[in-house]
Amino acid sequence: MPFDYDPENIFAKILRGEIPCDKVHETEHSLAFRDIRPQAPVHALVIPKGPYATLDHFCEEATDAEIVDFWRCVGQVCRSEGVEDGFRAIMNARKNGVQEVPHLHVHILGGRPMGRMLDPA
Ligand code: 5GP
């Protein structure tokens, strides 16, 4: 399956500096910023700087350096956002995953009990 990437998605615009974000952390290959519609006291998004739409796209085509950098950035965000009591990491993909922005991102949610993993469909 070839992977598509739309360079006009909102996170690509954030990466190009065309729209602002509330930055949490930045590394060579990754950027973390706060979600514009937070669903918990802590709600950060971590994205790779490269043009990857989904987790499977990233796992197939990103370099080892990008993959390591991304997960190290996630770890740094967890430390700096103070989620010692626990957090949830969510990655949505495509239609069935109800992905709104087609640029890979992991949601880091915390600061309160997060409830069960999934609502009944
Ligand atoms: P998805 O449903 O794709 O996993 O989540 C996309 C997330 O991006 C949503 O939680 C939404 O609130 C967030 N979001 C959408 N547009 C913007 C934006 O312009 N800035 C920021 N910081 N977050 C955004």
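Order of listing sets the numbers, starting from 1, for every ligand and every atom in it. Small disclaimer: the values here were computed from a predicted structure and weren't measured.
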Peer 1: Give the residue and atom name of whichever protein heavy atom lies nearest to atom 8 (O) of ligand 1, and the separation in Å to one decimal.
Peer 2: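 Protein heavy atom at minimum distance: Phe11 CZ, 3.4 Å.
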Peer 1: Could you list the atoms of ligand 1 found under 4.0 angstrom from a heavy atom of Gln99?
Peer 2: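 Ligand 1 atoms under the 4.0 Å threshold to Gln99: 3 (O).
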Peer 1: In the protein, what heavy atom is nearest to atom 3 (O) of ligand 1, and what distance, to one decimal place, separates them?
Peer 2: Glu100 N, 2.7 Å
Peer 1: Would you say Val101 and ligand 1 have an N/O pair spaced under 3.5 Å apart?
Peer 2: yes
Peer 1: For ligand 1, which atoms, with element, lie under 4.0 Å from some heavy atom of Val98?
Peer 2: 2 (O)
Peer 1: Can a side-chain donor-acceptor contact be found between Tyr52 and Glu60 if the only test is distance below 3.5 angstrom?
Peer 2: no
Peer 1: Answer yes or no: does an N/O atom from Arg34 fall short of 3.5 Å to an N/O atom of ligand 1?
Peer 2: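 Between Arg34 and ligand 1, an N or O pair is found under 3.5 Å apart.
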Peer 1: Which atoms form the tightest heavy-atom contact between Asp35 and Arg37, and what is the distance?
Peer 2: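 Closest approach of Asp35 to Arg37: OD1-N, 2.8 Å.
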Peer 1: Considering only NZ, NE, NH1 and NH2 on the basic side and carboxylate oxygens on the acidic side, decide whether Arg34 and Glu81 come within less than 4.0 Å.
Peer 2: yes
Peer 1: Classify the ring geometry between Phe11 and His103 as parallel (under 30°), tilted (30 to 60°) or perpendicular (over 60°).
Peer 2: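 Aromatic pair Phe11/His103 classed perpendicular.
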Peer 1: Considering only heavy atoms, which of Asp35, Asn9, Ile36 lies nearest to atom 20 (N) of ligand 1?
Peer 2: Ile36
Peer 1: Counting only heavy atoms not in Asp22, do more than 12 fall under 6.0 Å of its CG?
Peer 2: yes
Peer 1: Using a 3.5 Å distance criterion without hydrogens, assess whether the side chain of Arg79 forms a donor-acceptor pair with backbone atoms of Glu84.
Peer 2: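 Here the side-chain-to-backbone pair does not exist.
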Peer 1: Using 4.0 Å as the upper bound for N to carboxylate O, is an ion pair formed by Lys49 and Glu26?
Peer 2: yes
Peer 1: Under 4.0 Å from any heavy atom of His107, which atoms of ligand 1 are there?
Peer 2: 1 (P), 4 (O), 5 (O), 7 (C), 10 (O)
Peer 1: Pull out every atom of ligand 1 sitting under 4.0 Å from any heavy atom of Ile10, numbered as shown with elements.
Peer 2: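 This gives 16 (N), 19 (O) as the contact atoms.
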Peer 1: Say whether His105 and ligand 1 are in contact under the criterion: heavy-atom distance to a ligand atom below 4.0 Å.
Peer 2: yes
Peer 1: Considering only NZ, NE, NH1 and NH2 on the basic side and carboxylate oxygens on the acidic side, decide whether Asp56 and Arg94 come within less than 4.0 Å.
Peer 2: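 Result for this pair is yes, salt bridge flagged.
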Peer 1: List every atom of ligand 1 that sits less than 4.0 Å from any heavy atom of Asn92, numbering the atoms from 1 in the order shown and giving each element.
Peer 2: 1 (P), 2 (O), 4 (O)
